[in-house]
Amino acid sequence: MNPGKRNAKQLVLWMAAFLLLMILFQNLKAPQFEVEIPYSSFKQKLRAGEISEVTMRPDLIRGEFRKAPEKGADGTVGTKRFRVFPLPDPDLVKDMDASNLSVYKGEQDKTWVTAVLINLGWVVLFFLLWWVFVIRQVQMGGKQAMSFGRSKAKLHRNDKKKRITFKDVAGVDEAKEELEEIIAFLKDPAKFTRLGGRIPKGVLLFGPPGTGKTLLAKAVAGEADVPFFSASGSEFVEMFVGVGASRVRDLFEQAKKAAPAVIFIDELDAVGRSRFAGIGGGHDEREQTLNQILIELDGFEGTSGVILIAATNRPDVLDPALLRPGRFDRHVTVSPPDRTGRAEILKVHSAGVKLGEAVDLEVIARRTPGFVGADLANLVNEAALLAARRDREDVSMAELEEAIDRVMAGPSRKSRGISEKEKKVIAYHESGHTLIAKLLPGTDRVHKVSIIPRGPALGYTLQLPLEDKYLTTKTDIMNRLCVLLGGRVAEELVFGEITTGATDDLNKATAFVRRMIMEFGMNEKLGTVAYKKESGQVFLGKDIVEGQGYSDSTAELIDSEVKRILADTYAKVLGILEKNRELLEAIATRLIEKEVIEGEELDSILQGATA
Ligand code: ADP
Ligand code: MG
Ligand code: ZN
């Protein structure tokens with residue numbers, strides 16, 4: 001047993017003993033040393049002068065016999081002390097006077113003391129349970145009870161056989177490339193610092209759950225063959241202020257001793273949330289922990305050879321202080337894999353599984369858009385289990401296909417899977433955006449189209465502006481509006497049915513048109529008037545106080561103009577897409593096939609096309 005456990009146990013024993021003692025005093029003491037006698041025999045003995053002393057309370061009379069009665073006589077047990085429950089007896093004092101009592105006296109009712117003590121007992125018991133619970137919690141990490149501040153980080157010394165390397169991580173080539181430099185540094189820190197270069201101290205891995213962030217961090221340590229310390233952000237935010245901070249200190253101390261080393265903090269957002277976000281002020285504990293992480297990062301010397309890698313799927317909520325130069329200045333995006341990536345991941349995970357002759361992992365990859373690494377690992381495992389249950393010699397296509405459905409439906413699934421049909425709709429939707437953007441002048445260049453889900457978006461068309469613009473013409477705005485509607489129009493054109501997938505596009509388009517009318521004065525009917533008031537900061541209720549600043553009939557006109565412009569644009573886009581139906585098909589087909597199309601390839605598909 002470790003010392004912490006013993007301490008806790010001793011404490012419990014002490015408390016229990018104390019409690020027991022109290023109860024004994026209250027309830028058990030009296031009956032042991034007193035005999036209870038009936039009132040009649042009390043009166044009788046009083047008259048006979050056999051009683052020497054009486055103490056009276058409203059609820060109880062206690063006294064002492066002149067000499068202990070014979071054992072067994074009157075049902076007594078030979079003790080000198082007795083107690084009697086009083087009866088209303090106005091002659092009692094007269095009788096006592098007549099008897100040759102040496103002392104008789106009154107006493108205050110002491111039952112309230114008992115009550116207090118018993119209640120106190122409950123309070124003590126409550127604290128006891130709480131204490132035990134707390135200690136238990138702290139001990140979960142297997143550390144000593146009293147050393148809350150010790151880091152619970154797990155250290156993974158790399159034994160050669162189980163070492164995780166880049167070979168175990170597939171489909172995230174870009175991320176791997178960016179991490180190469182870190183590995184080179186960990187392998188030979190001196191080489192880098194010799195020339196006075198500043199080594200990145202912190203690397204932040206962004207990406208949805210299950211894409212392999214933890215795996216990548218481990219692989220970095222594995223590739224460089226250095227120790228790997230891992231902790232989760234949520235572990236730091238426990239219950240006592242200051243505990244998290246001291247755990248961080250301890251973690252970094254351990255790592256520095258083992259340098260070169262990798263520290264991995266998972267779920268950084270649990271501690272690294274923006275300090276000013278949220279209602280009701282800050283969270284002291286989290287803030288202190290975060291500050292300690294910043295202090296440790298700042299305190300790194302270039303030669304310490306420790307690299308901090310952190311992972312999060314909520315980069316948007318991180319405190320800006322974490323992202324400043326010299327802290328987490330390296331950002332690596334770990335995105336969900338595309339089709340080829342998925343095939344590679346499937347290969348990695350089926351390496352130890354006996355696959356049948358006819359198995360084609362490419363086909364499985366094609367059927368699993370939206371699956372992340374963790375899903376695919378799960379898929380292979382499910383298939384192997386199914387095959388075993390069916391007493392098969394190897395895993396066949398049938399099991400793999402069935403496993404897809406199981407993973408899709410499974411509770412452990414973190415990301416959303418996409419059906420074949422949905423994939424097709426998304427592909428046409430994105431192709432619509434892309435084609436319109438390509439055909440109309442004044443829109444930003446399409447850099448990449450993807451139907452791999454990212455965040456809440458099912459697909460995306462990434463447009464990067466060619467040049468920074470400060471002024472936008474009305475034509476440009478109208479063309480951008482067309483691009484926004486392109487997705488929805490393509491859906492309707494191809495499937496004759498529309499989906500909810502265009503919600504965000506429609507919101508944007510509507511907001512765009514409203515601004516055109518109300519801020520930019522770009523509408524004939526409403527004229528060159530700014531209907532929207534400039535208000536630096538919008539406070540709650542301000543709109544109510546100031547009113548909207550224009551009449552109800554103007555409001556109606558604005559609404560009808562918004563509607564008209566959107567309808568006109570819709571018709572225009574529909575015309576363009578109908579005219580270029582083959583191109584739309586070409587992009588969509590390629591997108592379904594490859595899931596991602598980059599700019600140059602797009603250019604080659606669309607060569608010579610004009611609206
Ligand atoms: P994250 O930390 O991003 O949530 P993990 O690294 O914990 O994801 O991934 C969970 C498991 O899923 C891994 O242990 C691995 O088996 C599998 N996995 C995830 N991504 C990949 C990948 N890119 N290549 C191979 N396996 C992966
Ligand atoms: Mg993880
Ligand atoms: Zn869209």
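Just so it is clear, the values below take in all heavy atoms, side chains as well, and ignore hydrogens, waters and symmetry mates. Each ligand, and each atom within it, is numbered from 1 in the order the structure gives. Throughout, numbering of the chain's residues begins at 1 and tracks the sequence.
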Asks: I'd like the atom name of the N/O/S atom in Asp505 lying closest to the Zn ion (ligand 3).
Replies: OD2
Asks: Ignoring hydrogens and geometry beyond distance, is a side-chain donor-acceptor pair present between Asn381 and His349 at under 3.5 Å?
Replies: no
Asks: So does Lys474 have more than 12 non-hydrogen atoms from other groups sitting under 6.0 Å from NZ?
Replies: yes
Asks: Mark up the atoms of ligand 1 that fall under 4.0 Å of a heavy atom belonging to Thr214, in ascending order.
Replies: 2 (O), 6 (O), 7 (O)
Asks: Contact between ligand 1 and Leu205 is defined here as a heavy atom of the residue under 4.0 Å from a ligand atom; is it met?
Replies: no
Asks: Tell me, please: is Gly171 in heavy-atom contact with ligand 1, that is, under 4.0 Å?
Replies: no
Asks: Got Val372 and Leu376 here, is their nearest side-chain heavy-atom distance under 4.5 Å?
Replies: no
Asks: Val172 versus ligand 1: do any nitrogen or oxygen atoms come within less than 3.5 Å of each other?
Replies: no
Asks: Under 4.0 Å, counting heavy atoms only: does Val348 come that close to any atom of ligand 1?
Replies: no
Asks: Check His429 and report its N/O/S atom nearest to the Zn ion (ligand 3), by atom name.
Replies: NE2
Asks: Might you point out which heavy atoms bring Thr312 and Leu204 nearest each other, and give the distance in Å?
Replies: CG2-CD1, 4.3 Å
Asks: Tell me, please: is Ala311 in heavy-atom contact with ligand 1, that is, under 4.0 Å?
Replies: no
Asks: Between Asp168 and ligand 1, which part of the residue brings a heavy atom under 4.0 Å of the ligand: side chain, backbone, both or neither?
Replies: backbone
Asks: Using only heavy-atom distances, determine whether the side chains of Ser396 and Glu399 contain a donor-acceptor pair under 3.5 Å.
Replies: yes
Asks: Could you pull out the closest heavy-atom pair between Ala387 and Val395, with the gap in Å?
Replies: CB-CG2, 3.9 Å
Asks: Sort by chain and number the protein N/O/S atoms that are closer than 2.8 Å to the Mg ion (ligand 2), and list them.
Replies: Thr214 OG1
Asks: Could you pull out, from Pro336, Ala374, Gly212, Gly373, the option with a heavy atom nearest to atom 8 (O) of ligand 1?
Replies: Gly212
Asks: When you measure from the heavy atoms of Pro209 to every atom of ligand 1, does any distance fall below 4.0 Å?
Replies: yes
Asks: Of the backbone and side-chain N, O or S atoms of Glu430, does one lie nearer to the Zn ion (ligand 3) than 2.8 Å?
Replies: no
Asks: Quick check: are there more than 12 heavy atoms from other residues, nucleotides or ligands sitting under 6.0 Å from CZ of Arg590?
Replies: no
Asks: Using a 4.5 Å cut-off on heavy atoms from C-beta on, say whether the side chain of Asp338 contacts that of Lys594.
Replies: no
Asks: Between ligand 1 and His349, can you find any atom pair, the residue atom being a heavy atom, that is separated by under 4.0 Å?
Replies: yes
Asks: Distance-only check: which donor-acceptor pairs under 3.5 Å involve side-chain atoms of residues 170-178, not counting sequence neighbours?
Replies:
residue: Lys176; atom: NZ; partner: Phe166; partner atom: O; Å: 3.1
residue: Lys176; atom: NZ; partner: Val169; partner atom: O; Å: 2.6

Asks: Any N or O of Ile345 that comes nearer than 3.5 Å to an N or O of ligand 1?
Replies: no
Asks: For Lys424, does the NZ atom have more than 12 heavy-atom neighbours from other residues, nucleotides or ligands under 6.0 Å away?
Replies: no
Asks: Any nitrogen or oxygen of Ala377, main chain or side chain, under 3.5 Å from a nitrogen or oxygen of ligand 1?
Replies: no
Asks: Would you call the rings of Tyr428 and Phe495 parallel, tilted or perpendicular, taking 30° and 60° as the class edges?
Replies: perpendicular
Asks: Quick one: are Asp319 and Leu294 in side-chain contact, heavy atoms under 4.5 Å?
Replies: no
Asks: Counting only N and O atoms by type, is there a donor-acceptor contact under 3.5 Å from the side chain of Lys201 to the main-chain atoms of Leu297?
Replies: yes
Asks: Using modelled atom types and a 3.5 Å cut-off, is there a donor and acceptor pairing between side-chain atoms of Asp250 and backbone atoms of Ser246?
Replies: no
Asks: By atom name, which N, O or S atom belonging to His433 lies closest to the Zn ion (ligand 3)?
Replies: NE2
